[in-house]
Amino acid sequence: MTVFSAGSGGPLPLPALSRRALLRGSLAGAGLLALSACRSAADSSPGADAASGGAASPRRGGVLTVGVGVDFTPALLFAQSANSLLQRLVFNTLTRYDEQLRPQPELAKSWEVAADGLSVTLKLRDDVTFHSGRKFTADDVVFAVKNLQNPVRSAQLRSTALTVADFRKNGDFELTLVLAHPVSNLFDLFEFMIIPDSQSVEDAVAGTKLIGTGPFTFTDRKPGSSLSFARNEKYWNPGRPYLDGVEIKVIPQAETLLSSVKTGQTHLTYAVRGKDVATLKDDKRFRITQYDTGAGAFYIGANLSFPEVQDKRVRQAIAWAIDRDRLVQQALGGYATVSSVPWPKSSPAYREEDSKRYHHDPEKAKALLKEAGVTSLSLPLAHQSDAGSTAVAQILQYDLKQVGIEVQLQPVDSPTMQKQLISQSMPALWTLSHSFSQAHPATLAVSAYPFNEAKNTSKFSSPAYTEAVQKAWNRSDADSPEAKALYQQVTDILLDEQFIIDLAIAGLVEVAGAQVHGVTLNKYSYLNLDDAYLAG
């Protein structure tokens with residue numbers, strides 16, 4: 001057995017271990033209070049630091065205002081969606097990744113993974129209470145896992161949660177999870193799985209009550225307008241949070257959101273369009289931070305239940321028709337990287353030659369359509385109705401028209417689009433951004449709705465795809481040559497079949513006033529404000 005144990009002070013030096021060893025718990029510990037900024041940040045604003053920090057000393061007080069473009073959908077609380085920014089305000093997770101995908105302690109202060117990968121023993125913090133005053137114990141971890149196993153929660157990592165076959169408690173603060181088989185993305189689950197209050201979970205998905213163990217308590221919600229949070233005075237992380245509270249303002253109009261940022265009505269946002277971000281990058285009143293972890297990737301999806309896109313040559317033609325460079329520069333303001341695959345450069349599945357497989361070649365697209373016997377094609381393209389998504393869709397519409405594919409744009413509000421994605425009721429084509437490629441490669445193909453090998457939005461199935469995905473998932477190592485060979489098999493199938501046509505890798509772009517410090521995101525874009533403060 002290998003063991004992870006948290007230190008008692010600041011970060012300890014990390015031993016030179018393989019990622020496999022780290023995920024199996026062999027890390028020599030980082031202090032619980034040394035919150036890791038789970039980002040690889042590339043600040044484009046002059047003088048900005050890479051962790052939204054700066055020279056100012058932490059200061060207690062103030063209410064941070066966060067602007068969002070899409071309202072909170074309570075029913076999707078346990079899925080990664082537009083809700084993700086608020087999850088870490090109210091809730092905690094068992095562990096969190098650092099920049100190198102090494103798990104760090106949160107509610108679990110140490111862990112021990114069996115050599116055969118069939119169990120993990122968690123030692124939990126014993127000083128944590130829910131906002132209601134109830135003590136956090138091992139029973140709450142059991143509930144959190146079972147909650148994600150429940151299909152009505154629409155949790156993308158449900159497959160991984162379902163591998164937990166048994167729970168063995170050794171007191172209130174030690175728990176062994178027994179697995180049906182080894183899984184290579186177990187700590188992805190621990191980073192994703194928020195720990196809710198079992199007594200109020202139905203109120204949470206109804207949007208009337210949110211109770212967790214996190215740094216802020218939920219105080220008010222005005223649907224379509226705002227959500228408010230106050231400091232949790234009994235938070236287990238001593239001296240945190242610094243902020244008195246947080247207000248999330250729903251501002252769906254792109255111009256109004258930009259104006260709120262410029263006038264200081266909004267301190268922080270991730271919803272400004274890329275082309276608008278570019279207008280702020282030289283303004284010293286703002287700090288622009290690009291998260292390059294690959295937490296978002298723009299794509300075109302094809303629903304294979306429609307005959308027009310069942311021939312993979314048609315889908316490949318669409319891939320060749322798109323001018324990805326123009327898309328990145330014009331619609332995304334340069335805050336993305338052209339790519340034909342879902343993997344960011346930080347992924348063990350990434351290969352540069354794969355990312356460059358498809359590029360803008362209209363003549364090749366036309367030749368493939370001719371080879372497939374297509375002389376004319378008219379297809380709907382669903383997209384989110386916000387201004388940024390519309391700009392992306394319009395570029396796709398133009399490029400496809402150049403190769404003889406007429407596209408009718410179908411704008412849909414974000415909650416409806418998410419429901420269509422989950423229920424597999426998309427039209428022949430749609431465009432969105434996906435996540436889940438920023439952590440372990442297997443997570444994408446067993447958890448993300450567009451890629452799930454067992455049931456995906458495209459209604460694509462392939463014995464070869466299923467076999468490669470399952471082999472990559474049903475193992476405890478992540479960096480071995482055998483594992484990487486399986487990732488390559490998955491990538492090769494994705495590039496050939498093109499049921500999901502990846503266009504560009506983009507993490508969230510953070511626009512913050514210069515007075516905002518200490519903000520981080522986890523790998524699933526949960527907003528971590530434990531160390532955030534307003535100063536300057």
How about [X] and [Y]: do any of their side-chain heavy atoms sit closer than 4.5 Å?
X    : Y    : value
T431 : V392 : yes
E255 : R273 : yes
E510 : L268 : yes
F78  : Q87  : no
T176 : L122 : no

Check: P103 main-chain N/O paired with R96 side-chain donor or acceptor under 3.5 Å: no

Check this for me, if you would: do [X] and [Y] make a salt bridge, where the nitrogen-to-carboxylate-oxygen distance has to be below 4.0 angstrom?
X    : Y    : value
D139 : K169 : yes
D197 : K209 : no
R88  : E106 : yes
R231 : D244 : yes

Under the side chain to side chain contact (heavy atoms under 4.5 Å, CB included) test against [X], which residue among [options] passes?
X    : options               : result
M193 : V145, L157, T95, T160 : V145
V446 : N452, V183, N185      : N185
L527 : L86, N522, L521       : L521

Classify the side-chain pair [X]/[Y] by whether it contains a donor and acceptor separated by less than 3.5 Å.
X    : Y    : result
T443 : D188 : yes
Q420 : S423 : no
T457 : Q424 : no
E247 : S228 : no
W343 : T491 : yes
D531 : H517 : no
D203 : S200 : no

Derivation of the side chain to side chain donor-acceptor pair (under 3.5 Å) call for T93 and E191: CA-CA 6 Å; T93 57; E191 171 116 349; 5.7 Å; no

Just checking [X] against [Y], ring centres under 6.0 Å apart?
X    : Y    : answer
F216 : F229 : no
W111 : F187 : yes
F91  : H131 : no

Residues H440, Y97; criterion ring pair (Phe, Tyr, Trp, His ring centres under 6.0 Å); working and verdict: CA-CA 11 Å; H440 187 276; Y97 281 132; 9.6 Å; no

Over 12 non-hydrogen atoms of neighbours within 6.0 angstrom of NZ in K459: yes

So, taking the atom named [atom1] in [X] and the one named [atom2] in [Y], what distance separates them when rounded to the nearest 0.5 Å?
X    : Y    : atom1 : atom2 : value
Q149 : S159 : CD    : OG    : 11.0 Å
L107 : I194 : CG    : CD1   : 11.5 Å
T266 : K249 : OG1   : NZ    : 5.5 Å

Pairs where residues 142-154 contributes a residue and the test salt bridge (Lys or Arg N to Asp or Glu O under 4.0 Å) is met, not counting sequence neighbours: R153-E202

Pairing residues for S347 by the side chain to side chain donor-acceptor pair (under 3.5 Å) criterion, not counting sequence neighbours: none

Partner set under side chain to side chain donor-acceptor pair (under 3.5 Å) for K471, not counting sequence neighbours: E467

F436 and F192 aromatic ring geometry - parallel, tilted or perpendicular at 30°/60° bounds: tilted

Ring geometry between F451 and Y299 (parallel below 30°, tilted from 30 to 60°, perpendicular above 60°): tilted

Under the ring pair (Phe, Tyr, Trp, His ring centres under 6.0 Å) test, residues paired with W473 that sit two or more places apart: H181

Under the side-chain contact (heavy atoms from CB on, under 4.5 Å) test, residues paired with A445 that sit two or more places apart: Y465, V469

Pairing residues for S355 by the side-chain contact (heavy atoms from CB on, under 4.5 Å) criterion, not counting sequence neighbours: S339, V341, Y350, E352

